[in-house]
Amino acid sequence: METVFTVDGHCDTMLRVMNDPDFDFFAKNSSGHLDLPRLKEGGVNLQIMALFVEKRFKPFQALPRTLEMAGAFHRLLDQCREDVTLIEKTQDLEEIARDSKRKGFLMALEGAEALCSSDVLYSFFKLGLRLITLTWNQRNQLADGVGESCTGGGLTHLGRELVQEMNNLGIGVDVSHLSEKSFWDVAEVSRKPLIASHSNAYNICDHQRNLKDDQISAIVESQGIIGINFCSFFLNKTRQTSIEDILLHIDYLGKGWGFDCIGLGTDFDGIGYPPTNLQDISRLPGLFKKLKECYGEEVASKIMGENWRRVLHAVLPSS
Ligand SMILES: [Zn+2]
């Protein structure tokens, strides 16, 4: 099998680790989308693992729940240290790029309800947190999510402060799930490449979770990245899609803005209906093959992981 540096910018597998007593991350499972054997099969070099805080814990239990999930993430890592590096700085990226047998896991947070001050943010930075999706669809103390769009709210004062602090520390700012007003506030405040870890193009599929053309332009201007989401609802608003629907979004972004802004953000284990021929993370080599046929090896490699690598180099601390 031909190898390519492969990055998936978003999965919710930690949710399974927390909630499904029958799930074994280290065995190949017949259900769900992602585990260590299937990451190996799929040739994934770097997996960004989101800590998704469920609605029932918000707002008052969000901090203990997020800490609990961070603990479970580290427990998982401790069990696979011989295979996996925690990605905290640019040198860690280099390490996994040099050694194709090693994988990297990067800790992300989806929904920042736990982050009530810059000192709390710093605590999570010390625990290894390196990417933050500021909101899920709801409003929180930092910003409004896309589900609050009708109220027109954007980044709060604390949201602005923490985005700047994230820039300083070396934590990526993820704009997926934000309301449009929040998005534009982040674009104004943040000095680092914007990351939409798991969103698609609104002009191809007019779902509220997808990005309008002017948002795409802002991400491209910041030299950021858009991780293509494999959720069928965000690809064509139905439950039935195939790899071709992913290609429609990639083609639209690539031909409109160039291929440097495109990565993968599968949303595996957070979605119900992945494309029929991309049912789990082990199937990514099929996507690489298809991308090579369409755009050639260099562009295909950028989409599979080189663009994520470039953006993370610009965002993460160097030491
Ligand atoms: Zn999400």
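In listed order, ligands and their atoms are each counted from 1.
Within the protein, the number of N/O/S atoms found under 2.8 Å from the Zn ion (ligand 1) is 3.
No side-chain N or O of Asn236 forms a donor-acceptor pair with one of Thr241 less than 3.5 Å apart.
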Run Trp136 and Phe52 through ring-ring contact (aromatic ring centres under 6.0 Å, His included) and show every step you take.
CA-CA 9 Å; Trp136 192 63; Phe52 177 82; 5.6 Å; yes
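Using cut-offs of 30° and 60° on the angle between ring planes, the pair Phe259 and Tyr295 is tilted.
Ion pairing of Asp78 with Arg75 is absent here, as no side-chain N (NZ or NE/NH1/NH2) approaches a carboxylate O to less than 4.0 Å. The pair Glu113-Arg65 does not meet the salt-bridge criterion, since no charged nitrogen lies less than 4.0 angstrom from a carboxylate oxygen.
Across Thr133, Asn167, Leu162, a single residue satisfies side-chain contact (heavy atoms from CB on, under 4.5 Å) together with Val173, and that is Asn167.
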